[in-house]
Amino acid sequence: MNIKPTLLIIEDEPSILRGLTDLFVFHGFDVESEMDGKKGLIRALEKQYSCILLDVMLPSMNGFEICNAIRQQSQVQPILMLTAKNTEEDIINGLTLGADDYLAKPFSTSELVLRVTALIRRSGLSSTNNTLNISKHVSICLQKLTGTSHQQAMRYTRREVNILTYLNQQKAPVSRDELLREVWGYKSTDCLDTRTVDIHIAKIRKKIERDPKTPEHLVTLRGEGYQLFSGQL
């Protein structure tokens, strides 16, 4: 017996909520929903969902506050934020607080389904208790999503760990498109906004680099992509 993925939609626009509910029910999801921010947070903390679709502008509590509160409890809950404006500030804010992905309104329903299914497909954590040692100063537990960096305790999102793990497995630079395919799980990267990759890379550098502006480990090779140099003293 196949278990349907369960989606929580926190969205206060009735027409959008109805449309999203019908869309994902059609695609085989069990859908729960809330229109109020505080009620949405209570629902989000009650159990693990396959994915949470989270609007930014909500009554009583905005999406950024909800995302932050969810991350205080769970680093592994997949979250996709729906932003009213495709502004750099909104994107950076959402991703910094721990959202796995974002999509700006108005959006293509096919792209939304693509992103949600890709996020769910990539949401499983490794069952092994492996540690990624980037240097003698930076160590990450891939299962617990925690680590130390230059004698400071660090917490990582699942997406950040997946990016680092994939880069660590490669012997050559990795392009943004390759990361979107292999880490985000998109089958096609046509027309996808690649800023989400750049923002995640910037977040990771702040956690693993001594000086994020002059990275030693997670470097950009112009015209080729990103490469992780680990194991260096």
Side-chain angles (χ1 to χ4, degrees), residues 5 50-51 75-81 83 86 88 90-92 94-104 107-128 130-135 138-143 145 147 149 154 156-209 212-232:
S50 300
C51 186
Q75 289 292 311
V76 300
Q77 171 64 66
I79 300 172
L80 189 151
M81 296 197 75
T83 63
N86 193 17
E88 196 76 12
D90 279 347
I91 295 166
I92 292 173
L95 295 179
T96 298
L97 291 171
D100 296 290
D101 205 352
Y102 71 93
L103 196 59
F107 46 77
S108 160
T109 55
S110 60
E111 181 179 356
L112 176 60
V113 173
L114 174 68
R115 292 202 184 195
V116 169
T117 54
L119 182 55
I120 292 172
R121 186 167 61 248
R122 292 287 173 168
S123 65
L125 289 172
S126 171
S127 60
T128 58
N130 291 331
T131 299
L132 174 60
N133 294 309
I134 295 176
S135 74
V138 183
S139 179
I140 304 169
C141 176
L142 303 181
Q143 188 177 49
L145 307 183
S149 178
M154 288 291 169
Y156 296 85
T157 66
R158 179 191 60 258
R159 182 75 74 199
E160 291 166 353
V161 164
N162 287 346
I163 291 170
L164 286 168
T165 301
Y166 184 76
L167 290 175
N168 190 57
Q169 294 170 345
Q170 310 310 308
K171 304 302 181 184
V174 176
S175 69
R176 292 178 180 86
D177 284 349
E178 183 176 345
L179 283 173
L180 286 170
R181 290 193 304 270
E182 301 300 328
V183 177
W184 271 259
Y186 298 139
K187 294 180 180 179
S188 172
T189 60
D190 294 341
C191 301
L192 288 179
D193 190 341
T194 61
R195 281 181 298 173
T196 186
V197 176
D198 299 332
I199 292 169
H200 274 84
I201 293 295
K203 288 171 56 187
I204 293 171
R205 282 177 174 155
K206 290 180 179 180
K207 295 181 179 182
I208 70 171
E209 301 287 356
K213 294 182 179 180
T214 56
E216 300 176 6
H217 303 294
L218 182 46
V219 302
T220 302
L221 301 178
R222 187 177 297 276
E224 298 183 75
Y226 300 108
Q227 190 162 5
L228 180 67
F229 295 96
S230 61
Q232 298 184 9

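Residue numbers start at 1 and run along the sequence shown.
Between R205 and P212, the shortest heavy-atom distance links the atoms O-CG, 3.8 Å. Among all heavy-atom pairs drawn from S139 and N133, the shortest one is OG-OD1, 2.9 Å. Nearest heavy atoms, G94 versus M81: CA-SD, 3.7 Å. Considering every non-hydrogen atom in both K207 and E160, the closest pair reads NZ-OE1, 2.8 Å. Across all their heavy atoms, S50 and Q77 have their closest contact at C-NE2, 4.3 Å. Taking all atoms of both residues into account, the shortest heavy-atom contact from H217 to S135 is CE1-CB, 3.7 Å.
Summarising the geometry, atom CG belonging to L132 is positioned 9.5 Å from atom CD belonging to Q169; distances are rounded to the nearest 0.5 Å. Atoms CG and CG, from L80 and D100 in turn, are 8.0 Å apart once rounded to the nearest 0.5 Å. Atom CG in L103 sits 10.0 Å away from atom CG in L114 (nearest 0.5 Å). Note that the OG atom of S175 and the CZ atom of R181 stand 6.0 Å from one another [nearest 0.5 Å]. Atoms NZ and OG1, from K203 and T96 in turn, are 6.0 Å apart once rounded to the nearest 0.5 Å. Rounding to the nearest 0.5 Å places CG of L218 at 11.0 Å from CG of N168.
A donor-acceptor pair under 3.5 Å is absent between the side-chain atoms of R158 and the main chain of L145, judged by distance alone.
Annotation: side chain of W184 is in contact with side chain of R159 (closest heavy-atom distance under 4.5 Å). Taking 4.5 Å as the limit, some side-chain heavy atom of E209 sits within range of a side-chain heavy atom of E216. Within the 4.5 Å cutoff, no side-chain heavy atoms of I163 are placed close to those of Y156. Between L179 and L167, the closest side-chain pair of non-hydrogen atoms falls below 4.5 Å.
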Check against side-chain contact (heavy atoms from CB on, under 4.5 Å), T196 and L180: CA-CA 9 Å; T196 186; L180 286 170; 4.2 Å; yes
Check the pair I201 / R176 against side-chain contact (heavy atoms from CB on, under 4.5 Å), numbers first and verdict last. CA-CA 10 Å; I201 293 295; R176 292 178 180 86; over 6 Å; no
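With 3.5 Å as the limit, one finds a donor-acceptor pair spanning the side chains of D198 and Y226.
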